[in-house]
Amino acid sequence: MSGSSGSLIPFNRPFMSGQETAYMLEAHANGQLAGNGPFTRRCHAWLEEHVGCAKALLTHSCTAALEMAAMLLDIKAGDEVIMPSYTFVSTANAFVLRGAVPVFVDIREDTLNINEALIEAAITERTRAICVVHYAGVACEMDTIMDISARHKLFVVEDAAQGMMADYKGRPLGSIGHLAAFSFHETKNIISGEGGALLVNDECFAERAEILWEKGTNRSSFFRGEVDKYTWVDIGSSFLPGELIAAFLWAQLEHGEEITARRLDIWQRYHQAFAAVEGAGHVRRPRVPQDCGHNAHMYYLLFPDMEKRSAFITALKDEGIHTVFHYVPLHLSPAGRRFGRASGNLDVTVSLADRLVRLPLWVGLEAQQERVIETALQHIR
Ligand SMILES: *Cc1c(COP(=O)(O)O)cnc(C)c1O
C-alpha cells in the first residue's frame with residue numbers, strides 16, 4: 001500500500017446497536033429458538049406499524065421474500081415480469097424459478113430507477129407483474145407505475161431491499177405495491193446478517209402468505225385457535241428465520257430512526273463535499289427527486305467513463321479506502337441472456353453501470369469520513 005495513512009477503511013462495516021447479544025440470550029432463555037416466537041412477533045408488529053402494511057413476515061432474505069411474492073402471484077411458466085436490468089440477481093431469479101421471463105426495461109438517468117415512461121411499451125399479453133427496485137433507497141415513480149398496473153391489470157412488487165425507512169410522497173417504501181420485500185443483509189441499513197421480510201399490502205394475499213411461510217401448513221391459524229387441526233394445505237417452504245435472527249433484528253429495528261439519521265448525516269457530508277467537483281463537470285452526484293425521502297442507503301458518484309472510474313477505485317484502494325462498483329446489468333449476464341429479454345435498448349443502464357462507484361457509508365464511519373473525502377477529491381479531476 002503506497003502512501004496510505006491510517007487504517008484500512010472498508011466499504012461496509014455492520015453496525016450493532018448494542019442490544020443484539022442481550023436479546024439473543026433472552027430468546028434462548030424464553031425457551032424458543034425456532035421461528036415465529038416473541039421476537040419475530042415484535043418485528044412483525046414494528047414493520048406493520050412503520051410500513052403500514054396488512055401483514056409483515058420475516059424471511060431468511062429479501063431473495064426468499066421475493067420468491068414468496070412470485071408464488072403468491074401464481075406466476076407460471078411463460079409469464080412475463082417487467083423489471084430493470086440494473087438490479088441484483090434476486091429480482092429476476094425469484095420469477096425465473098417459477099418459469100417466468102424477466103423483461104428488462106431501461107432506467108432513468110437521474111435516479112437509476114426503472115424508467116416508468118418505458119414500461120407500457122414492454123407490456124404484452126403475457127405480462128403479469130412489474131417488479132420495481134428503489135435503487136439507493138430513492139423511490140421509483142410509484143404513482144405512474146401503480147396507474148399503469150391498474151390500467152393493465154398487473155401486479156406490482158416492490159423490491160425494497162434498499163428502501164427500508166425511505167418514502168415516496170410521504171408513503172413508506174414497501175407500502176405501495178401489492179407486495180414488497182425488504183432485506184436485512186449485512187450490507188443494508190438495518191441488518192440481521194442474512195434476513196428479509198415480505199410485506200403484504202393487498203389483503204387478499206395475507207392468509208396464503210402465512211401458509212406458504214409455514215411450509216404450506218395452516219400452523220399459524222392453528223396456534224391462534226382458528227382451526228382445530230394443523231395440516232398440509234398448500235405449497236410452501238421454510239421461509240421463516242429462527243428467533244436468534246429475529247432477536248438480533250429487533251435490536252436494530254428499535255434503533256431504526258437513529259441508524260437512518262446517522263446515515264443521512266454521512267450522506268449529506270459527502271453530498272456537500274462533492275458539490276464543487278460536480279459543478280466543475282468531473283463527476284455527477286446522486287439525484288433525489290423532491291417528493292422522495294431517501295434513507296441514505298448508498299452514496300455513489302458517476303464518472304464520465306469507465307476508465308476514470310477504474311482509476312479512481314484503484315487509487316483509493318492504494319490509499320487504503322475500499323470503494324466498489326455495482327451491478328453488472330442482468331441482460332448482459334449469462335443467465336439474464338438465457339432466461340430474460342430486453343425491451344428496447346438499455347443504453348442508460350449500460351452506460352451508468354460502467355461509470356458508477358459507491359463510497360463507504362456505514363454508521364461509525366464519521367471519524368474517518370474526512371479522510372475518505374480528502375482522498376477522493378485528490379483523485380477526481
Ligand atoms: C440486497 C438486495 C437483494 C437481496 O437481498 P438478500 O436479503 O441478500 O436476499 C435484492 N434486491 C436488491 C435490489 C438488493 O439490493
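It should be emphasised that the depicted structure is a prediction, and the values quoted were computed from it without experimental measurement.
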Can you give each donor-acceptor pair under 3.5 Å made by side-chain atoms of residues 91-104, sequence neighbours left out, with the distance rounded to 0.1 Å?
from  : atom 1 : to     : atom 2 : distance (Å)
Thr91 : OG1    : Thr87  : OG1    : 2.7
Thr91 : OG1    : Phe88  : O      : 3.1
Thr91 : OG1    : Asp159 : OD2    : 2.9

Inset, instruction - Only pairs at least two apart or in different chains count here, so list each salt bridge (charged side-chain N to carboxylate O under 4.0 Å, His left out) that has a residue in residues 266-276. - result: Arg269-Glu370
Salt-bridge test for [X] and [Y]: reply yes if a basic N is under 4.0 Å from a carboxylate O, no otherwise.
{"X": "Glu278", "Y": "Arg287", "result": "yes"}
{"X": "Glu80", "Y": "Arg128", "result": "no"}
{"X": "Glu210", "Y": "Arg224", "result": "yes"}
{"X": "Asp291", "Y": "Arg171", "result": "no"}

Inset, instruction - Please list all pairs passing the ring-ring contact (aromatic ring centres under 6.0 Å, His included) test where one or both residues lie in residues 298-322, with sequence neighbours left out. - result: Trp267-Tyr299, Tyr270-Tyr299, His271-Tyr299, Phe303-Phe312
Inset, instruction - For the pair Asp265 and Arg263, evaluate salt bridge (charged side-chain N to carboxylate O under 4.0 Å, His left out) and give the outcome as yes or no after the intermediate values. - result: CA-CA 5 Å; Asp265 283 346; Arg263 293 185 71 101; over 6 Å; no
Legend entry - Side-chain donor-acceptor pair present, His379, Glu319, cut-off under 3.5 Å: yes
Inset, instruction - Decide whether Gln252 and Glu20 meet the rule of one side-chain donor and one side-chain acceptor closer than 3.5 Å. - result: yes
Inset, instruction - Verify the neighbour count for atom CD of Glu307: are there more than 12 heavy atoms of other residues, nucleotides or ligands below 6.0 Å? - result: no
Legend entry - Arg151, CZ atom: more than 12 neighbouring heavy atoms under 6.0 Å: yes
Inset, instruction - Report the C-alpha separation of Trp213 and His44 in whole Å, then their side-chain angles, then the decisive distance to 0.1 Å, and conclude whether the ring pair (Phe, Tyr, Trp, His ring centres under 6.0 Å) test is met. - result: CA-CA 13 Å; Trp213 187 67; His44 287 173; 5.5 Å; yes
Inset, instruction - Taking the side chain as every heavy atom from C-beta outward, state whether Met142 and Lys169 have any atom pair closer than 4.5 Å. - result: no
Only distances under 3.5 Å count here; give the side-chain donor-acceptor pairs of residues 197-209 to other protein atoms, sequence neighbours excluded, each with its distance to 0.1 Å.
from   : atom 1 : to     : atom 2 : distance (Å)
Asn201 : ND2    : Gly174 : O      : 2.9
Asn201 : ND2    : Gly177 : O      : 2.8
Asp202 : OD1    : Cys204 : N      : 3.1
Arg208 : NE     : Asp234 : OD2    : 2.6
Arg208 : NH1    : Met71  : O      : 3.4
Arg208 : NH2    : Asp234 : OD1    : 3.4

Inset, instruction - Each residue besides Ile211 in its hydrophobic cluster should be listed here, by chain and number; the cluster joins Ile, Leu, Val, Met, Phe, Trp and Tyr at side-chain heavy-atom distances under 4.5 Å. - result: Val233
Which side-chain N or O atoms in residues 237-247 pair as donor and acceptor under 3.5 Å with protein atoms at least two apart or in another chain?
from   : atom 1 : to    : atom 2 : distance (Å)
Glu243 : OE1    : Phe39 : N      : 2.9
Glu243 : OE2    : Gly37 : N      : 3.1
Glu243 : OE2    : Thr40 : N      : 2.9
Glu243 : OE2    : Thr40 : OG1    : 2.5

